[in-house]
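As the structure is a computational prediction, the values presented were derived from the model and not from experiment. In listed order, ligands and their atoms are each counted from 1.
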Amino acid sequence: MHDSSNNRAKLSVLLMQLPVPNNPPLNTPLAAGYLKAYAYAQGLSEFAEIEILPRDLADAAGDALLVDEIVARRPDVLGVSLYTWNSERSIDVVRRVKDYLPELRAVVGGPEVQKDNAWVLEHPAVDVAVIGEGEQTFAELLQSWCDWRLAIGDWDKQLPIPNTQYPISGLAFRDADGELIFTPERAALNDLSAIPSPYLAEYLDLPTDGMMMVEVSRWCPYSCSFCLYGRNMGSKLGNRYFGLERVLSEIRWGREQGIRRVHFVEANLNLVPLFWPLMRALEDLNADRQITFYAELRGEHLTDEVVGALDHANVRYVEVGLQTANLAALKASLRRTDLRKWAAGTRRLYAHDIEVYLDVILGLPADDEAGIAETLDFIQSEELGSYDVFTLQVLPGTAVRQQARQYGLSFQDRPPYYIRGTDRLSYADLRRLRRELKIGANVPPDAVEGMPEPRRDALARRADRFAADAPGCIEQLWLLDSGLAVDSLTMRQLAAHVDVVIMGEDLAAHAPFLSAAIRCNPTTIFDIYIYCEDAPPSADMLAQWREALPFQPGYLDRVAMYQSAESSHGYIRVSPRCFLVLPWTSTAEPVALRNAAEIIWRFELADGDGLPLGAWFAAGGRGIYLQFQPGCAAGYRSRVQEALERWEHETGRQVWIGAA
Ligand code: SF4
């Protein structure tokens, strides 16, 4: 590719990281930042231009818009960070980009890229896979491509697949016969100071309401069988940590950008040697306590002094990961926990008012119903407060995957790789226990983790019929006026989460457009609000209409698997979500419609009206679409909204606000 800025040829590299569907603010492409910072530190800026896909696109755009934006940049190399939540979507985007740019070389890296994860390594859209820590491998790969182009003097020729004669460590690729080749394993970096800070180099843009991820070390002395981090990062710390001044400079930089939440990317913050100087320095740097910190900690080592230091530094959220208190499951998971010491340390956090995330994993090897009961008893008897429930993910590259036969583990073959049964717990057992545990943990039992909540303003008409919320990114399709034509350009500009508002009688008329939009954006979450003046369509008709729309199971559909009594498919369809917006006077029964759509009751308020909260709750359905009549005073509106927020919190229902 020709670089016109300095009139010399350069390799054009684009890096992409797609978000967790319901949490774009967390999607700091730190790995991409490290790749760029390390490659440039090795002198590659002379030969390569590395761009990180801007966050407003990566975080909000639907599949087709991503494809178009990547194609418009015409990179030679597309590097993609693959995590469980984005791997299928990312690879499918790459596949589609290659239809337009057949010469493109796609390089994948990240936790999903493991020797035992054949679906990624053998995917036809993937040219080269980087296994393990990526900075050195990726820089060497780019250097080899730059050298090759310099040697042949042609900067437009397709880059070759690496060859086996002069192998670069840490790669997997297919040879000319299609056979998968692995080069020797890549040794991890001895000293992390070789990677300049991508924040300080201004390679990463942060949304001000976002969270800043700050890595301290790459190390964990443990090797729990279900975890990839401990296994990948190694038990020897050596110099595999960033210096105190570097960490503090990043946090200072984040403060200047307006960041108020910092998430330490660190398995056991209280075990790293940097802990004490870091805590003391943060006490000064963050004396006004404007930043709150999140950290993962080792519970057994939480002495009074350690917890006091966390408190003074304003570490307000911590994860201490119990996972299980069943000794057999702890042993089988290769997890060394001194339960009593761990509980005492965790209680000290509560004493300092630090919010604790305490996790329990369902489906661990050698765990059973009695073991799960034991875990719950332990949490209660040790007064450890509330917990959260996670379903075991049999992740690529982990020891638990290698133990699958030993413990009779069956699991999904694609992300999230949820456990489907063990030698001690059938799918039905797991499903029942999961539900009981979630109810016990005060978590909605049927919520799909990672699924975006319906937008509160979905029923408020935005600027125009096809409202654009991010540049070129459409989040609302207002199709209430009949006879509107939606062009193919619109389909290619949709966001990753789109609200569609249509009339009940127009369902059939809009099906062709929606089908085309879904085909164009197979991972977009479509929330379809079906507005009905009178009687709604029947449940059967609605279900058939939804069923006829195109569908390709993806990550969130597999996350939802446990909603189904059958595990045979391994997924359940989550999009489109259909909502029937009915007049409050409608006699429709939410229960009768529940397999097709959820009801939202339409209700108008005049100034000073009381809120019939009890009647709304008794009516069932998903919630209320509230319209204020003209003349409602601003003070009344804000009092109503405050009351509704409390009602939502207490009941789990939702309120949509619109104007009459
Ligand atoms: S679960 Fe935590 S302690 Fe265990 S190996 Fe992973 S990072 Fe280390």
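- Residue-ligand proximity, C220 to ligand 1, at heavy-atom distances under 4.0 Å covers atoms 3 (S), 5 (S), 7 (S), 8 (Fe).
- Here R335 has side-chain heavy atoms under 4.0 Å from ligand 1, and that is the only part of it that gets that close.
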**OP:** Go through the steps to decide whether R260 and T292 satisfy the test side chain to side chain donor-acceptor pair (under 3.5 Å), and finish with yes or no.
**Re:** CA-CA 6 Å; R260 295 293 174 257; T292 52; over 6 Å; no
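- Aromatic ring orientation, F378 versus W342: tilted (interplanar angle from 30° to 60°).
- For residue C227, no N/O/S atom approaches atom 4 (Fe) of ligand 1 to within less than 2.8 Å.
- Annotation: cation-pi geometry not satisfied between R347 and Y350 (NZ/CZ under 6.0 angstrom from ring centroid, within 45° of ring axis).
- Here is the list of ligand 1 atoms found below 4.0 Å of a heavy atom in A267: 7 (S).
- Within a 6.0 Å radius of CZ in R289, other residues, nucleotides and ligands contribute more than 12 heavy atoms.
- For ligand 1, the atoms closer than 4.0 angstrom to any heavy atom of Y222 are 3 (S), 5 (S).
- Between S217 and Y241, the closest heavy-atom pair is CB-CB, 3.6 Å.
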